[in-house]
Amino acid sequence: MDEGEVLAPSTADAIVPVFLDRKNSLENEQPKEESWRSKVARRIMFWKSAPNSDKQSANLHSFRKLIAMEFRGSPFILSFGLLAAILEGAVLPSFAIIFGKNFNLFTEGAHAIQSTTWKYSLAFFALGVGVNILAYIRVSTFGVASEKLAKNLRTAAFSSLVKQEVSFFDVQKSGELANRLSSDVSLIQTGLAKAGQYIMNVSQCVVGVIIGLAFGPALAGVLIALSPLIALSGAVEMMQLSGSVKKGSEAYNIAGSVVSETLSNIRTTKAFCAEDYEASRYKERLGPVYKTGVVKYNKEGLFLGFSMLTIYSVYALAFWWGGTLIARHSLNSGDMLTVFFSVVIGFVGLGQAAQVWPDVTKGISASETLFEIISRQPIYRQICALPEEKENAQSIFLEHSIEFDHVCFAYPTRKDAIILKDFSMTIPAGKTVALVGPSGSGKSTIVSLLARFYDVEPGNGEIRIDSRSIYEYTPEQIRANIGLVSQEPVLFSGTIEDNIRYGNREATIEQIQAAAKASNAHNFIMNLPDKYQTQVGDRGIQLSGGQKQRIAIARAILKDPRLLLLDEATSALDAESESLVQEALDRLMEDSKRTTVVIAHRLTTVRNAFLIAVLENGVLVEAGNHDTLMSKKDGIYRNLVHRQVFSDKQ
Ligand SMILES: Nc1ncnc2c1ncn2[C@@H]1O[C@H](COP(=O)(O)OP(=O)(O)OP(=O)(O)O)[C@@H](O)[C@H]1O
């Protein structure tokens, strides 16, 4: 196979799946003749989710997956529930048979009533006991199965979500995704629970109609012929109701956004004394919710009344026709009542089935969007090395250098804005390299490319680690060797110990304390009432910026990474915190096995770096150590340093 050859997904038997939607750039790619490329035979494979051609087939597909998932999870429970639902549905109209027979008995005189009526009473009681047991089995089995399904779906969706590439989250709103896990799964859960009722109702309808036809086809036929009328009135009522409910919830969603926005930004609201303003904004948006509610209840009353009128009209006709048949001796009174009640109970079942059907379909369509998340494969660039080369790549990491070779990069969401322009730089292993330059010049972008948060498109330059393309490693292999401390240290709710342990989940408490000591965090932690067991609050809100930063550094120390990425780790701190954090960082950078890329706003913190790279608008404009760059008359770095010294003095 030629170097740089691209295999179609069907022919590539990739070791690691690769996902990239960059057809255009591929077409333009001109593979360069480079010696490192000949070291490994490799293939590039591209994968893209096949678009769903047809909504209905997608729904059906998701439904099948859902059922398969459910049966895999709890085959016994659900089969048992299904059987119970069918039997329960059949029992309900059967009552009409006993009712009809008992009625006929009442016309046969006192002796017959006294000697036989207890049998019918017993039969009624037996049906009651049967329905009781079957209803319990149906509700509990479908309920348990739906809980189990919800748990499985949430787990699968969440683990798929966290595996997606970073650019996925640039497009998708995290709130919306979280909402899917909550509301879509609830819809599916309700759908499944209601499916039990639906099956029971359908069985009730079928058995009711069969009994009716068996006992009095002439009457049952008329009732069945009128059933579309009942169904139509019920459907109109349902459509009106669901339309109003949708409008109501849409109106409330608009109002509800004020609540979530205000509560999540409560500090800003308070700082601007905007509590009353927000309250009145909420009240104003609740206006349409109220109006929709008024319309909804008026319509509900009107259509309920209309549907009741239709039902009673059908009853009236049925009794008139039933009476006529009795008068003609075509039907006895008991059978007339059996037919009437069994068919009516059947219709009631049909009506109830129609009512729960929207919940079932909502569950099915929610499963479609959820399965989209579950089955989505992350898109990233991967060059698959031969197995032995791959193994080698994992065991040796960053022994020589990192090279950026004519890298051009634009973010996937803003393809027309080129952030890095023909950027080349070599970072020797074991050294500290600083990136400086004005805001927006692309410093953090370089860190993101190293952490494989984003990938450089083929043909737009290369990033190499020890002369091997960074894309021969999987993102996980790279990240396992990286420690990232960012400007905004992110802590998770939990204890301080939990947060430091994030760097190495196998670490002992002694190792955690050693890391905290090295990051100058141990002393402040020991002064807290619960020490390492102190809860840091949501996103670490109960700690100061400097404290959070030192915990983030302890986390990075515990990981003991080969490559340390410090993205303005001290910029938001006061002088005292900064010196404590800087001290911790210096200690972390000291390790001769560790390579460090540091972005620093304060240039005093990077003067000891082996190499300082100055960026402007994504272009490397200067590079060298502090002394070399300071010796350059009118040098950009020199000017930046002078400007900063001047502003510090002021
Ligand atoms: N996820 C993203 N999607 C699209 N554009 C982005 C994204 N992240 C950054 N950018 C853009 O890339 C450019 C470079 O940003 P970058 O964060 O790399 O700059 P920087 O030099 O680190 O800036 P600062 O010193 O302010 O952190 C900016 O114009 C920014 O708007």
Side-chain angles (χ1 to χ4, degrees), residues 20-22 25 161-162 164-177 378-381 402 404 406-425 427 432-457 460-461 463 470 475 479 482 484-490 545 548-549 552 563-573 578 581-582 585 596-606 609 611-623 629 636-637 639-641 643-644 647:
L20 216 102
D21 178 15
R22 290 165 189 164
S25 62
L161 266 184
V162 289
Q164 298 307 317
E165 74 280 4
V166 171
S167 56
F168 172 80
F169 298 95
D170 287 350
V171 184
Q172 302 286 335
K173 290 185 187 126
S174 52
E176 250 171 45
L177 292 171
I379 299 169
Y380 58 86
R381 183 181 166 192
I402 299 172
F404 280 78
H406 299 284
V407 170
C408 294
F409 177 76
Y411 281 96
T413 47
R414 266 196 250 155
K415 293 230 172 205
D416 48 341
I418 313 292
I419 306 299
L420 292 183
K421 294 158 192 149
D422 204 27
F423 179 79
S424 295
M425 184 174 83
I427 302 168
T432 295
V433 170
L435 301 172
V436 300
S439 178
S441 55
K443 305 179 296 289
S444 302
T445 304
I446 292 172
V447 165
S448 297
L449 292 179
L450 282 174
R452 294 283 313 266
F453 293 154
Y454 299 92
D455 291 341
V456 176
E457 292 192 3
N460 287 337
I463 304 173
I470 198 171
R479 288 173 202 149
I482 281 182
L484 175 67
V485 184
S486 53
Q487 190 172 2
E488 267 286 312
V490 176
K548 276 196 275 187
Q549 198 63 277
L563 175 60
L564 183 62
L565 304 172
L566 303 173
D567 191 350
E568 304 206 10
T570 61
S571 64
L573 307 178
E578 187 184 341
V581 171
Q582 192 58 48
L585 289 176
T596 307
V597 177
V598 52
I599 299 176
H601 180 65
R602 299 199 50 77
L603 301 178
T604 45
T605 59
V606 301
L611 180 77
I612 298 168
V614 187
L615 275 105
E616 247 180 21
N617 283 329
V619 177
L620 182 71
V621 284
E622 270 180 12
L629 294 178
I636 298 167
Y637 177 76
N639 284 341
L640 281 172
V641 172
R643 222 178 297 151
Q644 210 163 70
S647 70

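Keep in mind that the numbers below use all heavy atoms, side chains included, and drop hydrogens, waters and symmetry copies. In each ligand, atom 1 is the first atom listed, and ligand 1 is the first ligand listed. Numbers for residues simply follow the sequence, beginning at 1.
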Let's go through Tyr454 and Thr445 carefully: what are the C-alpha distance in whole Å and the side-chain angles of both, what is the deciding distance for side-chain hydrogen bond (donor to acceptor under 3.5 Å, both in side chains) to 0.1 Å, and is it a yes or a no? CA-CA 9 Å; Tyr454 299 92; Thr445 304; over 6 Å; no

| message | Please evaluate residues Asp567 and Ser486 with respect to the criterion side-chain hydrogen bond (donor to acceptor under 3.5 Å, both in side chains), reporting the C-alpha separation (whole Å), side-chain torsions for both, the decisive distance (0.1 Å), and the verdict. | response | CA-CA 5 Å; Asp567 191 350; Ser486 53; over 6 Å; no

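In this structure, Ser448 falls outside the shell of residues with a heavy atom less than 4.0 angstrom from ligand 1.
Distance check on atom 9 (C) of ligand 1: some protein heavy atom falls below the 4.0 Å cut-off.
Under 4.0 angstrom from ligand 1, the non-hydrogen atoms of Tyr454 all belong to its side chain. When heavy-atom distances to ligand 1 are checked against a 4.0 Å cut-off, Pro438 comes that close only through its backbone atoms N, CA, C and O.
One option in Thr445, Val171, Ile419, Thr413 has a heavy atom closer to atom 18 (O) of ligand 1 than any other, and that option is Thr445. Residue nearest to atom 24 (P) of ligand 1, selected from Gly442, Ala600, Ser439: Ser439 (by heavy-atom distance).
Contact check for Met425 versus Val433: side-chain heavy atoms found under the 4.5 Å cut-off. Looking only at side-chain heavy atoms (C-beta outward), Phe409 and Asn460 stay at 4.5 Å or farther from each other.
In terms of protein heavy atoms, atom 14 (C) of ligand 1 is closest to Gly440 O, 3.5 Å. When hydrogens are left out, the protein atom nearest atom 30 (C) of ligand 1 is Arg414 NH1, 4.6 Å; that is the closest non-hydrogen contact. At the top of the distance list for atom 25 (O) of ligand 1, counting protein heavy atoms only, stands Lys443 NZ, 2.9 Å. For atom 2 (C) of ligand 1, the nearest protein heavy atom (residue, atom name, distance) is Tyr411 CD2, 3.5 Å. At the top of the distance list for atom 17 (O) of ligand 1, counting protein heavy atoms only, stands Ser444 CB, 3.5 Å.
Salt-bridge check for Glu616 with Lys421: failed, with every basic side-chain N at 4.0 Å or more from each acidic carboxylate O.
In this structure, Leu615 CG and Ile636 CD1 are separated by 10.0 Å, a value rounded to the nearest 0.5 Å. Taking CZ of Arg479 as the reference point, atom CG of Leu450 lies at 12.0 Å (rounded to 0.5 Å). Atom-to-atom distance recorded for Thr596:OG1 and Leu564:CG is 4.5 Å, nearest 0.5 angstrom.
Remark: ligand 1 atoms within the under-4.0 Å shell around heavy atoms of Asp170 are 1 (N). The Glu568 neighbourhood of ligand 1 comprises atoms 25 (O), with distances under 4.0 Å to a heavy atom of that residue.
Atom CG of Asn617 has 12 or fewer neighbouring heavy atoms from other residues, nucleotides or ligands inside a 6.0 Å radius.
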